[in-house]
Amino acid sequence: MARKYWLVKSEPDEFSFDDLKKSKNKTTYWDGVRNYQARNFLRDEMKKGDLVLFYHSNADPLAVLGVCEVVKEGYPDHTQFDPDNDHYDPKAAPENPTWIMVDIKFKQEFKNPVKLDAIKSNAKLKNMKLIARGNRLSIMPVTKEEFEEIIKMGSPSLALP
DNA sequence: GCCAACGTTGGC
DNA sequence: GCCAACGTTGGC
């Protein structure tokens, strides 16, 4: 199976790219996704070794900060069972979890964060879901071509395996 | 802070 | 199963 490419959004006030870099083993579990379409990506399609663009939403600047990698495939998001957690879901049952998370690991920080404006004005990126009208998905697939173009804009010298 | 767009909920 | 109401997202 060929490697897939993704983009995840995070509000840096909640969890920033820097927070990921400072996490233990530069790895975190991607909890709190409560959208079925995004859940299906987490559960069915994100595989170990897939590469992920890390985007800051509701932020200044609005930009892709760098790249991380899926290091653990979909497993139950424990926060759905925790009444004290903001993402608690009273309808979720441990024997049949509704919500799924993966683990991602920091891989590369861009020299130049790739700003939303730059993405919008790049003709090669005009079909990115990120800039589609009304898009609210927090996890979305990115094509190989789009991924490579973003890399080129962010860290021209970076060679990816 | 505004508001358009979208997903979810719940009454019928 | 429809759809109005509501809550959330996220750029501006």
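The basis for the numbers below is simple: all heavy atoms, side chains too, and nothing from hydrogens, waters or symmetry mates. Note that the structure is a prediction, hence the values are computed from the model and not measured. Every chain is numbered from 1 and lettered A, B, ... according to where its sequence line falls, protein lines coming before strand lines.
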Would you tell me if any nitrogen or oxygen in the side chain of [X] comes within less than 4.0 Å of OP1 or OP2 on [N]?
X	N	result
Lys115(A)	dG11(C)	no
Tyr55(A)	dG11(C)	yes
Arg133(A)	dA4(B)	no
Lys9(A)	dG10(C)	yes

Starting at [atom1] of [X] and ending at [atom2] of [N], how long is that distance when rounded to a whole Å?
X	N	atom1	atom2	value
Leu130(A)	dG10(C)	CG	P	10 Å
His87(A)	dT8(C)	NE2	P	12 Å
Arg39(A)	dT8(B)	CZ	C1'	14 Å
Ile139(A)	dG10(C)	CD1	P	11 Å
His56(A)	dT9(C)	NE2	P	17 Å
Asp60(A)	dC12(C)	CG	C1'	12 Å

Inset, instruction - Would you check if there is a donor-acceptor pair between the side chains of Thr79(A) and Asp82(A) at a distance under 3.5 Å? - result: no
Legend entry - From CA spacing to verdict: ring-ring contact (aromatic ring centres under 6.0 Å, His included), Trp99(A), Tyr75(A): CA-CA 8 Å; Trp99(A) 306 111; Tyr75(A) 62 108; over 10 Å; no
Legend entry - Under 3.5 Å: donor-acceptor pair, side chain of Thr27(A), backbone of Ser23(A): no
Inset, instruction - Map Gly134(A) and Asn58(A) onto DNA chain B by nearest heavy atom, then report which one ends up closer to the 5' terminus. - result: Asn58(A)
Inset, instruction - Hey, could you give me the NZ/CE distance between Lys120(A) and Met128(A), rounded to the nearest 0.5 Å? - result: 12.5 Å
Inset, instruction - Look at the side chain of Lys91(A) and decide which nucleotide, out of dG10(C), dG7(B), dT9(B), has an atom nearest to it. - result: dT9(B)
